[in-house]
Amino acid sequence: MAARLAEPAPRPLPPGQFHGRAFVRFGLGRFKSRKLPAAPPLQVRLRGDVAAEVEVGAQIATLPEVEQISDFHCVTTWSRLGVRWTGVRFADFYHTIAIPMAEPDPQARLVVFHGLDGYRCAMSLDDLLASDDVLLATALDGAPLGVEHGAPLRLIAPAHYGYKNVKHVVGIEFLKSRRGYRFPLPYPSLMDHPRGRVALEERARFLPNWLIRPIYKLFVPKAVRKS
Ligand SMILES: Nc1nc2c(c(=O)[nH]1)N[C@H]1C(S)=C(S)[C@@H](COP(=O)(O)O)O[C@H]1N2
Ligand SMILES: [Mo]
């Protein structure tokens, strides 16, 4: 059995974030109200600009399992520090499963994660591969992911805002161009920054953070708010 990970040294909160009181299920509006099965099967369709569209599932469990403690930052300004995830590295998944099985076009640098609830969000492949803390997570705090936090598989990209960390992943789409992608309605695409890096406060496109922060704060769930 793997030794319990030591809590990393305390890190400062990124700009504009506060320490939330609880780690709650945070679905975006209509996606949160979608009823999902309690234990959805692990089945991920690899598609888009690929040589072969394939469904993968059991293969994911053959990759080396990693455990990490990382911070989670929602764009609405709450953060949860020191969350313990178990899963596989996205880079291992990409090199060992996606490339040999689906053969994404080498120019497909945009990766869209699709959730079972209809939510989707895109990240750049370079960002996904740049750091080994990007996981496809299957467990939280040592227990299999529950439906509230993304069963059966979710993306964890700690350097990126929570909205990039798609839950209930059922599809991974590799695209050569952004034209094939749209942030899901009713949300305007300007809420979806192309990179979404927390350290640089890339919350949204075009809008200044002094304007976005107070608006987003209105969406912080009561259980998470400061006292
Ligand atoms: N499938 C799916 N993934 C999603 C969302 C969603 O509504 N549906 N919400 C995103 C947002 S805005 C945040 S902050 C995190 C919240 O993760 P949690 O519900 O585990 O707290 O999930 C992200 N991934
Ligand atoms: Mo969020």
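All ligand and atom numbering here is 1-based and tracks the order in the structure.
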Quick test: of every protein heavy atom, which one is nearest to [atom], and how far off is it to 0.1 Å?
{"atom": "atom 9 (N) of ligand 1", "answer": "F26 O, 3.2 Å"}
{"atom": "atom 8 (N) of ligand 1", "answer": "D117 OD2, 2.7 Å"}
{"atom": "atom 24 (N) of ligand 1", "answer": "N165 O, 3.0 Å"}
{"atom": "atom 7 (O) of ligand 1", "answer": "L28 N, 2.8 Å"}
{"atom": "atom 18 (P) of ligand 1", "answer": "H149 ND1, 3.5 Å"}
{"atom": "atom 23 (C) of ligand 1", "answer": "G162 O, 3.2 Å"}
{"atom": "atom 3 (N) of ligand 1", "answer": "K167 N, 2.9 Å"}

[X] neighbourhood, listing ligand 1 atoms whose heavy-atom distance to it stays under 4.0 Å:
{"X": "E148", "answer": "19 (O)"}
{"X": "V166", "answer": "3 (N), 24 (N)"}
{"X": "C74", "answer": "14 (S)"}
{"X": "H168", "answer": "1 (N)"}

Single-linkage hydrophobic cluster [X]~[Y], side-chain heavy atoms < 4.5 angstrom:
{"X": "L81", "Y": "V224", "answer": "no"}
{"X": "L116", "Y": "L155", "answer": "no"}
{"X": "V56", "Y": "V111", "answer": "yes"}
{"X": "L185", "Y": "V112", "answer": "no"}
{"X": "V75", "Y": "F183", "answer": "yes"}

Please report whether ligand 1 has a polar contact with R25, defined as an N or O pair separated by less than 3.5 Å (distance criterion only).
no

Test of understanding: given a 4.0 Å heavy-atom threshold, classify the contact between F31 and ligand 1 as side chain, backbone, both, or neither.
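The side chain, only.
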
Can you tell me which portion of V24 lies within the under-4.0 Å heavy-atom range of ligand 1? Options are side chain, backbone, both, or neither.
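Near ligand 1, V24 shows its backbone, while the atoms from C-beta on stay back.
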
salt_bridge(R197, E202) N-O dist < 4.0 Å
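Looking at E202 together with R197, the answer is yes, because their closest N to O distance falls below 4.0 Å.
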
Electrostatic pair D105-K176, nearest N-O below 4.0 angstrom
yes

Would you say the side chains of D133 and S131 form a donor-acceptor pair under 3.5 Å?
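Yes, because at least one side-chain N or O of D133 sits under 3.5 Å from a partner of the opposite role on S131.
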
For the residue pair H149 and F23, is the inter-centroid distance of their aromatic rings smaller than 6.0 Å?
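H149 vs F23: aromatic centres under 6.0 Å.
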
From W78, Y119, F72 - option closest to atom 15 (C) of ligand 1 by heavy atom:
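Result: the heavy atom closest to atom 15 (C) of ligand 1 is in F72.
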
Is there a donor-acceptor pair closer than 3.5 Å between any side-chain N or O of D49 and the backbone N or O of L175?
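Looks like no, no N/O pair under 3.5 Å.
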
Parallel, tilted or perpendicular for F26 and W78, by the 30°/60° rule?
perpendicular

Measuring from the heavy atoms of R154, does anything fall under 4.0 Å of ligand 1?
yes

Please state whether Y161 comes within less than 4.0 angstrom of ligand 1, counting heavy atoms only.
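Y161 does not count as a contact of ligand 1 under the 4.0 Å cut-off.
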
